[in-house]
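Working notes, structure below.
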Amino acid sequence: MSWLKARSMLGSTIKFLGTALMLVTALHTATSLKVSRQHPGVLLADTLSQPVHYGFGRPATAAEIAALDIDVRPDGTGLPKGEGNAMEGKAIYIQKCAACHGATGTDGPNDRLVVGDTTKGGGRKIKAIGNYWPYATTVFDYIRRAMPFNQPGSLTDDEVYSLTAYLLNANGLLPVDTKLNAKNLPKIKMPARDKFIPDDRKDGPEIR
Amino acid sequence: MQLPDDKKDIITTSKISRRSLLAGAAAASIVLVQTASGKAFQAALTASELAADDPTKVPGVPPGTLGTRSPFEKPVKTPSDTSSRTPLQDLHGMITPSDLHYERHHGGVPSIDPAKYELVIHGMVDKPMIFTLADLKRFPSVSRIAFLECSGNYRGSNDGKIKPQEICGLTSQSEWTGVALSTLFREVGVNPKASWFLAEGMDAAVMTRSVPVHKGWDDAIIAYAQNGEAIRPEQGYPARLFLPGWEGNANVKWLRRIELADEPFMTREETSKYTEAVGGGKIRQFSFTMDARSIITYPSYPAKVEKGWIEIRGIAWSGRGKVTRVEVSTDAGKTWQQAALQQPVLDKAIITFRYLWNWEGNPTEIMSRAVDETGYVQPFLKQLLAARGGNMGYHFNPVTAWYLQKDGLVSFKAT
């Protein structure tokens, strides 16, 4: 996606500035003032003359990072081992999710998860997984980190795969008996994927 | 603060004598309360115990360990299941009292022991590192007065009976103090190819947002203090991400982890939430900046005014930089006058404005619009709807009008 590339290029520019910072630190204040004027960042300008390293904090070990690093990216990076299908997921859903999201995932009281009959319950305002979520990986990531609301973080990875499979199946995006796992989950193309555009406001007078 | 024993006696004596002298109609609006640990603090009395007829005839309350609001003043936030709104119409000046700062969270307010708090920064960095709260406080500190606003911060009403608190009470302002994220970025050595970072909270939602790395280099703060004291639990105690001018949700509270990467993570809060339909079947994503906005907070519903001089007062802010002008109309938008801006006018901060007006008692509409340094003029509701294919949603910042009827009652009116 071109806008992502643009973001990335911006990142590189910033990194260039980051490199400039270290140079500046070495060359001291005169240069630092010059560089800071070229950058809009108020705080960055403040910190330009500071040392690059203070030696505060300690190195994080791989184990310490792994214990916290639960995010899953759109390409599947971060997905754990395990699997589950929609049949298994439905049983968990009824037990642990239906009280908030309704028996079919369309009837609340909380967030609608399944598109279902779009003539009921909000018409074009429906923001269900099947018509609004751009990445299937997000479903897994979110359930694993935050659900069920009253017992967050209590599900096994197999249960999370099963629930994700159930919700994708209920939205017509996965056959009922397909085992969902780290390999096939990122490959599911979500209907809403191409609807998303990056911020098109340009920080000028235009109303957008 | 431990009071000496002799002081305690004096306090107790004066309290008792005051009460007995007035035979139940207590003299002071504040009374000392003795706790088990021997510490004294001032606690508000109930309304029935308020106020002497003549406060000059009774000794006042001695100094305490914590100040309190006058029991005559009862500003409150309005909570829902997921947020709580600042009573904008009850406040003055540019700083929101910390206990009235709006709240929005996704899994409740966690309880975190500051001694066990750690922030890990990893991913595309030279040295993955862990910082304790004490570590964060050792780094050079920065302070900044800036607003915070939930991007889902507009409500209207058909009957007009809606306060500023309900219309846009998910905005507040504090002085935030912490360590510049750029300082930590240098400490860990952020990789030149890193373009985004994930910020993750340690609340029950383990809430995550992706943020462009340039914001981290620019003016992001890992804040541990708010208005001079430790950040409040509902604001992210003991440390949060603070991104001046950017939508509230991205300012991840109870921050436990930052992961540098070369793409956004596409978390739930930046895909299924905090995205807005903008017409043509398109959904706008990563719209971080909060556009310029203002609202008249006096007079506003449910105030009733009298004809004669009225100082119209309000607040204005922009996530793009400084507010340069606020215009006020007292004739339903036909003509506009420039309001006075209270100094200091700060970057990405709420400022207050005022406009002195002599109301002759005829029904009319009053409204304000903010203009910022990018030339952006706060739009009417109709303009916003037209620009977004008729959709409402996040980042909705319309001009808000108040209708003054002949008897002085004030009610909300959409623009």
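A note on names: the letters A, B, ... follow the listed sequences, proteins ahead of strands, and every chain is numbered from 1. None of these values were measured; they are calculated from a predicted model.
Between A/D111 and B/R268, at least one side-chain N (NZ, or NE/NH1/NH2) sits under 4.0 Å from a carboxylate O, which counts as a salt bridge. Comment: B/R257 engages A/D71 in a salt bridge, judged by a side-chain N to carboxylate O separation of less than 4.0 angstrom. The residues A/R73 and B/E259 are annotated as salt-bridged, a charged nitrogen and a carboxylate oxygen being separated by less than 4.0 angstrom. Between A/R58 and B/E118, at least one side-chain nitrogen of the basic residue sits less than 4.0 Å from a carboxylate oxygen of the acidic one, meeting the salt-bridge criterion.
Here the OH-CG distance, from A/Y54 to B/D135, works out to 13.5 Å after rounding to the nearest 0.5 Å. To the nearest 0.5 Å, atom CD of residue B/E187 and atom NE2 of residue A/H53 are 6.5 Å apart.
When each of A/F196, A/Y135, A/W133 is tested with B/M266 by the rule side chain to side chain contact (heavy atoms under 4.5 Å, CB included), just one qualifies, namely A/Y135.
Of the atoms belonging to A/I70, heavy atoms from both backbone and side chain fall under 4.5 Å from chain B. For A/F149, the part lying under 4.5 angstrom from a heavy atom of chain B is the side chain only. Contact annotation for A/E206: only backbone heavy atoms (N, CA, C, O) come within less than 4.5 Å of a heavy atom of chain B. Heavy-atom distances place the side chain of A/I65, and not its backbone, under 4.5 Å from chain B. In this structure, the portion of B/V278 lying under 4.5 Å from any heavy atom of chain A is its side chain and not its backbone. Proximity to chain A (any heavy atom under 4.5 Å) is restricted, for B/E200, to the side chain, taken from C-beta onward. Contacts between A/V72 and chain B at a heavy-atom distance below 4.5 Å involve the backbone alone (N, CA, C, O). With a threshold of 4.5 angstrom between heavy atoms, B/F185 does not approach chain A through any atom at all. Contact annotation for B/T271: both backbone and side-chain heavy atoms come within less than 4.5 Å of a heavy atom of chain A.
Ranked by heavy-atom pairs under 4.5 Å with chain A, the list B/S287, B/G375, B/A387 is led by B/S287. Top candidate by heavy-atom pairs under 4.5 Å with chain A, chosen from B/D203, B/T208, B/T267, is B/T208. Contact count against chain B (heavy-atom pairs under 4.5 Å) is highest for A/D69 among A/D69, A/T138, A/I129, A/V139. Options B/Q383, B/R320, B/R388 differ in how many heavy-atom pairs under 4.5 Å they form with chain A, and the most are formed by B/R320. Per-residue counts of heavy-atom pairs under 4.5 Å with chain A were compared for B/L384, B/L198, B/T275; the largest is that of B/T275. The candidate with the highest count of non-hydrogen atom pairs below 4.5 Å against chain A, out of B/S210, B/G108, B/P379, is B/P379. Ranked by heavy-atom pairs under 4.5 Å with chain A, the first of B/P128, B/A386, B/G319 is B/P128.
You'll find the side chain of B/I130 stays beyond 4.5 Å of the side chain of A/T61, heavy atoms only. The shortest distance between side-chain heavy atoms of B/E269 and A/Y142 falls below 4.5 Å. Counting only heavy atoms from C-beta outward, the side chains of A/E64 and B/V120 never approach each other to under 4.5 Å. Residues B/Q285 and A/I197 have side chains not in contact (no heavy-atom distance under 4.5 Å, counting atoms from C-beta outward). Inter-residue side-chain proximity for A/R145 and B/M207 is flagged as unmet; no heavy-atom pair is nearer than 4.5 Å. At least one side-chain heavy atom of B/Y376 sits less than 4.5 Å from a side-chain heavy atom of A/I207.
Between the side chain of A/R201 and the backbone N or O of B/T289, at least one donor-acceptor pair lies under 3.5 Å. A side-chain donor-acceptor contact under 3.5 Å links B/K282 to the backbone of A/D194.
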